[in-house]
2 protein chains.
Amino acid sequence: MEQKPIPMTGAEKRRTARISQILDAAAHCFVEMGFHRAGMAKIAARAKMSPGHIYHYFESKEAIIAAIVDRESARAAERFAEFDAVDSTELASVMTERAVQSIAEKTDILQSVLNMEMLAECQRNPEIACIIHKHDRYVRDQLTHLIRDKLGLDLAEARTDMMMVQFSGLANRLLRNPDLDLQNMVVLMRQTMMAILSPTLGHEAK
Amino acid sequence: MEQKPIPMTGAEKRRTARISQILDAAAHCFVEMGFHRAGMAKIAARAKMSPGHIYHYFESKEAIIAAIVDRESARAAERFAEFDAVDSTELASVMTERAVQSIAEKTDILQSVLNMEMLAECQRNPEIACIIHKHDRYVRDQLTHLIRDKLGLDLAEARTDMMMVQFSGLANRLLRNPDLDLQNMVVLMRQTMMAILSPTLGHEAK
DNA sequence: TTGATTTTCGAATGAACATTCTATTTGTTG
DNA sequence: CAACAAATAGAATGTTCATTCGAAAATCAA
């Protein structure tokens with residue numbers, strides 16, 4: 001989203017370094033054990049500091065969870081922002097490639113696990129819900145603008161959501177079906193995305 | 001899947017009643033607090049029995065989680081089995097309606113939360129993974145048979161997975177975007193599903 | 001260097017939790 | 001009804017965990 005081009009003092013740099021040390025450790029533990037079985041002791045050990053010290057940077061474990069959700073959501077949003085620069089005619093292809101390719105990597109399976117955890121938490125914790133909805137709205141706005149103004153299509157909001165259905169649906173599918181044949185899937189996925197971005201969708205010839 | 005037409009004695013009936021009492025209570029608590037923050041005390045209270053007594057029916061809390069995952073997966077599989085009886089020409093429509101309608105209900109939002117929790121756990125606990133993959137394979141086999149043998153389409157496995165991408169993707173989307181306009185979505189979703197089930201998909205006219 | 005400030009540690013605390021165990025109640029059967 | 005088995009309760013146990021706190025170490029200012 002908006003950014004800080006403000007330079008940082010040494011102390012501030014240190015502080016943000018420590019914070020991302022903690023977040024990296026927390027993310028790792030959360031993937032491995034889930035939000036609520038990952039103990040502060042484990043997180044602290046992985047971040048190479050004492051448990052007590054974490055409380056100089058975060059008010060509570062909940063605050064760490066919120067920060068993780070925020071960071072991961074922001075990263076996902078960033079990834080979507082790349083589509084902005086893509087040529088209109090190739091959008092479906094590029095998005096398909098990115099969806100499939102990013103998912104074929106181990107790191108993104110882990111990312112998916114974190115996403116599941118986040119979405120579950122989202123229905124219980126209003127603060128988490130707020131963070132997730134904020135980032136989702138941002139991504140949607142970007143994509144809707146692309147579809148409406150660059151591609152000149154109607155039903156832009158609905159098409160946006162349909163595109164995003166493909167992304168999260170694919171991630172979900174890969175967790176449930178470990179034998180998924182990506183080779184064949186990618187062909188159908190590309191055509192499906194192209195169909196979603198075709199002017200005739202939503203205007204059925206009867 | 002296969003079933004037991006065997007009649008039950010009074011004692012057995014009681015036993016299964018108690019067990020589903022526990023599972024209902026557990027499911028409720030798991031949705032509300034997640035697998036690992038839901039304490040046995042809370043589950044016991046909701047099931048109207050003592051914590052200790054639960055251990056007459058389940059070896060451990062892990063066993064309850066496994067049982068919940070199994071039950072919920074089996075229920076999802078049952079719901080998919082209904083599509084078996086649907087007329088070929090209407091499959092896409094019926095599946096769309098079912099996906100959208102089932103998701104528009106509050107209960108299915110809660111079901112989605114449980115699904116997220118399950119999928120996250122699936123990547124950490126091999127026993128859970130096994131249960132989930134088993135049920136997913138069952139659903140896929142049903143649907144693939146439908147697509148290949150009733151609709152006479154090629155690429156049946158890939159089309160199956162694409163259909164399932166739509167289902168889980170839609171559930172996911174609704175959690176992330178609470179403002180989702182189902183009215184417009186349903187139109188695009190139906191056409192997308194029809195495209196996935198059209199013989200021309202996968203055989204692009206260049 | 002000295003004093004002040006910040007960073008860091010790790011033990012102490014208290015709550016929550018899964019599980020076990022013993023005792024009590026309920027139900028069944030001869 | 002008596003004796004036995006099954007069901008149930010709930011307190012006790014030992015562990016794990018988030019959080020707090022006082023002190024030690026490092027950093028900085030003068």
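This is a predicted model, so every value here is computed, not measured. In what follows, every chain begins at residue 1, and chains take the letters A, B, ... in the order their sequences are listed.
Taking 4.0 angstrom as the limit, Ser50(B) places a side-chain polar atom (N or O) nearer than this to OP1 or OP2 of dA9(D). Look at Arg15(B) and you won't find any side-chain N or O under 4.0 angstrom from OP1 or OP2 of dA6(D). Of the side-chain N and O atoms in Tyr57(B), one or more sit less than 4.0 angstrom from OP1 or OP2 of dT8(D).
In summary, contact between chain B and DNA chain C, defined as any nucleotide atom under 4.0 Å from a heavy atom of the protein, begins and ends at dC17(C) to dT20(C) in the 5' to 3' direction.
For the segment residues 35-44 of chain B, residues with any heavy atom less than 4.0 angstrom from an atom of DNA chain C are, sorted by number, Arg37(B), Ala38(B), Gly39(B), Met40(B). For residues 116-132 of chain B, proximity to DNA chain C is found at no residue, defined as any non-hydrogen atom under 4.0 angstrom from a strand atom.
Applying the ring-ring contact (aromatic ring centres under 6.0 Å, His included) rule to pairs touching residues 144-178 of chain B yields Phe80(B)-Phe167(B), sequence neighbours excluded. Residue pairs that meet the ring-ring contact (aromatic ring centres under 6.0 Å, His included) test with at least one member in residues 100-120 of chain A, sequence neighbours left out, do not exist here. Within the structure, the salt bridge (charged side-chain N to carboxylate O under 4.0 Å, His left out) test picks out the following pairs touching residues 21-33 of chain A (sequence neighbours left out): Asp24(A)-Arg71(A). Under the ring-ring contact (aromatic ring centres under 6.0 Å, His included) criterion, no residue pair touches residues 169-194 of chain B, with sequence neighbours excluded.
In this structure, the side chain to side chain donor-acceptor pair (under 3.5 Å) partners of Ser93(A), at least two apart in sequence or on a different chain, are Arg190(A). His28(B) is linked by a side chain to side chain donor-acceptor pair (under 3.5 Å) to Arg46(B), counting only residues two or more places apart in sequence or in another chain.
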Distance-only criterion, 3.5 Å: show the donor-acceptor pairs between side-chain atoms of residues 178-185 of chain B and protein atoms not counting sequence neighbours.
unit_1, atom_1, unit_2, atom_2, d
Asp181(B), OD1, Gln183(B), N, 3.1
Asp181(B), OD2, Asn184(B), ND2, 3.1

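Axis angle between the ends of the helix from dT1(C)-dA30(D) to dG30(C)-dC1(D), five pairs each and rounded to 10 degrees, works out to 10°.
Atom pair His53(B):NE2 and dA11(D):C1' shows a separation of 17 Å (rounding to whole Å applied). What separates CD1 of Ile54(A) from P of dT19(D) is a distance of 11 Å, to the nearest Å.
Between His56(A) and His53(A), the ring planes lie tilted relative to each other; the angle falls in the 30° to 60° range.
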Just the table, please: protein N/O against nucleotides 23-28 of chain D N/O, every pair under 3.5 Å.
none

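With a 4.5 Å cut-off on side-chain heavy atoms, Glu62(B) and Glu127(B) do not count as touching.
A salt bridge is defined here as a Lys NZ or Arg NE, NH1 or NH2 lying under 4.0 Å from an Asp or Glu carboxylate O, and Arg75(B) with Glu78(B) fails to meet this definition.
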